[in-house]
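Right, one structure below, let's go through it.
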Amino acid sequence: MRTFILLGAPGSGKGTQSDHLVKAFGFTHISTGDIIRDNIAQKNPPGILCQQYLEQGKLVPDDIIIKMVENHLQKVTGDLIWDGFPRTIAQAEKLDQLLHNLNSKVDHTLYFKIDETKLVARIMGRLTCSTCGRTYHKTAVPPKVAGVCDDDKTPLVQRKDDNKEKIKIRLAGYHTDTVPLIEYYLHQQVLTIIDADMEGSAVWDQIMAVLK
Ligand code: AMP
């Protein structure tokens, strides 16, 4: 089991590149945002606990998200791409411990570095498939047929937390809680900076150079 983490601000392209990695290499994609949204849709106890945080644009407390990740990890196999986890130092330490118990480790962290002044526009154009979680962008990554997912033809929706007010809160949280992870993985010597301001195909080329 190899483990790759995609680290970066909301809207930096982690979801899109994860989709490509799954298609090209069969990676197992673990998006904690998707896991939370699934639980909310099922209206189960973890979902009910998480809903208020998600709607406010705040991070779900570490103990809740770690429990969800621990459960999820028991169900998956293969090489993993983590998208949206870890988001705090406590989560990163826990992930190291969980992987250690599986005789594994973080193989690489790809830090999607982006000009944050462009993020609001990027996120506001984002469309998501509520069935498979695939993400599109109205202009940058449009679906083949407007408004429906290429893969399963589900109508695409805009996420409730993809609005200006919530994006500001999410970005502030990103700076306080998640940016320290750059130093954490630099220290472990497993971090590569990806220039995520480039076109999608150029971002992909940079990722391929790391994975080779
Ligand atoms: P995302 O789809 O990655 O943008 O995540 C959507 C929302 O889910 C975030 O704004 C948080 O409320 C919550 N969330 C996702 N991943 C985490 C995490 N690792 N830790 C805490 N909250 C999370």
Side-chain angles (χ1 to χ4, degrees), residues 3-19 21-22 29-42 44-73 76 80-99 106 109-112 114 116 119-120 122-137 141 156-182 184-185 196:
T3 292
F4 299 96
I5 294 171
L6 305 190
L7 178 67
S12 56
K14 306 184 300 291
T16 304
Q17 295 298 334
S18 300
D19 291 341
L21 285 165
V22 170
H29 179 210
I30 303 183
S31 155
T32 40
D34 286 350
I35 295 172
I36 293 170
R37 282 183 287 275
D38 277 353
N39 281 286
I40 292 175
Q42 289 171 29
N44 62 22
I48 292 163
L49 271 177
C50 291
Q51 187 158 12
Q52 49 166 326
Y53 297 102
L54 195 105
E55 285 177 357
Q56 291 168 18
K58 292 184 182 161
L59 288 187
V60 169
D62 286 333
D63 54 337
I64 301 177
I65 192 78
I66 285 171
K67 191 151 247 140
M68 288 171 118
V69 163
E70 275 181 308
N71 287 337
H72 193 79
L73 205 48
V76 297
L80 308 178
I81 308 176
W82 294 83
D83 166 7
F85 188 93
R87 262 174 153 108
T88 65
I89 294 285
Q91 293 177 18
E93 288 172 349
K94 185 69 190 182
L95 181 60
D96 282 344
Q97 187 193 327
L98 288 172
L99 292 173
V106 173
T109 299
L110 303 171
Y111 163 44
F112 283 45
I114 190 155
E116 288 185 21
L119 276 180
V120 174
R122 252 174 106 141
I123 297 175
M124 298 286 283
R126 180 154 74 176
L127 297 167
T128 309
C129 173
S130 53
T131 301
C132 70
R134 183 166 169 187
T135 49
Y136 298 84
H137 188 276
V141 193
L156 300 175
V157 292
Q158 187 163 34
R159 275 171 43 178
K160 271 196 196 156
D161 57 344
D162 279 353
N163 63 63
K164 263 190 198 158
E165 186 206 344
K166 298 289 149 43
I167 294 166
K168 275 195 187 151
I169 298 172
R170 285 157 64 202
L171 274 177
Y174 167 74
H175 278 280
T176 316
D177 297 308
T178 309
V179 165
L181 292 182
I182 299 168
Y184 182 87
Y185 288 116

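Numbers for residues simply follow the sequence, beginning at 1. Owing to the predicted nature of the structure, the values given are computational and were not obtained by experimental measurement. Numbering of ligands and ligand atoms starts at 1, following listing order.
At least one N or O atom of Val60 sits closer than 3.5 Å to an N or O atom of ligand 1. Distances between N or O atoms of Asp83 and those of ligand 1 include no value under 3.5 Å. Ligand 1 has no N or O atom lying under 3.5 Å from any N or O atom of Ser31, backbone or side chain. Residue contacts with ligand 1: Ile65 is placed with no nitrogen or oxygen under 3.5 Å of a nitrogen or oxygen of the ligand (distance criterion only).
Ranked by closest heavy atom to atom 5 (O) of ligand 1, the top entry among Arg126, Arg170, Arg87 is Arg87. Remark: among candidates Arg159, Gln56, Gln52, Lys14, the nearest residue to atom 6 (C) of ligand 1 is Arg159, based on non-hydrogen atoms.
Atom 12 (O) of ligand 1 has its closest protein heavy atom at Lys58 O, 2.6 Å. When hydrogens are left out, the protein atom nearest atom 20 (N) of ligand 1 is Gln91 NE2, 3.0 Å; that is the closest non-hydrogen contact. Taking atom 13 (C) of ligand 1 as the reference point, the nearest protein heavy-atom neighbour is Ile36 CD1, 3.5 Å. Scanning the protein heavy atoms around atom 8 (O) of ligand 1, the nearest turns out to be Leu54 CD1, 3.0 Å.
Screening Thr178, Thr32, Asp62 for a side-chain hydrogen bond (donor to acceptor under 3.5 Å, both in side chains) with Gln91, the sole residue that qualifies is Asp62.
Every atom of ligand 1 with a heavy atom of Thr32 under 4.0 Å away is listed here by number and element: 15 (C), 16 (N), 17 (C), 19 (N).
Asp34 places no side-chain N or O within 3.5 Å of a backbone atom of Ile30 that could act as its donor or acceptor partner. In this structure, the side chain of His137 engages the main chain of Arg122 through a donor-acceptor pair within 3.5 Å. At least one donor-acceptor pair under 3.5 Å links the side chain of Arg170 to the backbone N or O of Asp161.
Looking at heavy atoms from C-beta onward, Ile66 lies in side-chain contact with Glu70 at the 4.5 angstrom threshold. Between Ile89 and Leu181 the shortest side-chain heavy-atom distance falls below 4.5 Å.
Rounded to the nearest 0.5 Å, atoms CD (Glu116) and NE2 (His175) are 3.5 Å apart.
Scored by the side chain to side chain donor-acceptor pair (under 3.5 Å) test, Glu93 finds no partners at all (sequence neighbours excluded).
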List, one per line, each side-chain donor-acceptor pair under 3.5 Å for residues 3-16, sequence neighbours excluded.
unit_1: Ser12; atom_1: OG; unit_2: Ala9; atom_2: O; d: 2.7
unit_1: Lys14; atom_1: NZ; unit_2: Gly8; atom_2: O; d: 3.0
unit_1: Lys14; atom_1: NZ; unit_2: Ala9; atom_2: O; d: 3.2

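Distances shorter than 4.0 angstrom do not occur between any heavy atom of Lys166 and any atom of ligand 1. The shortest heavy-atom distance from Arg37 to ligand 1 is under 4.0 Å.
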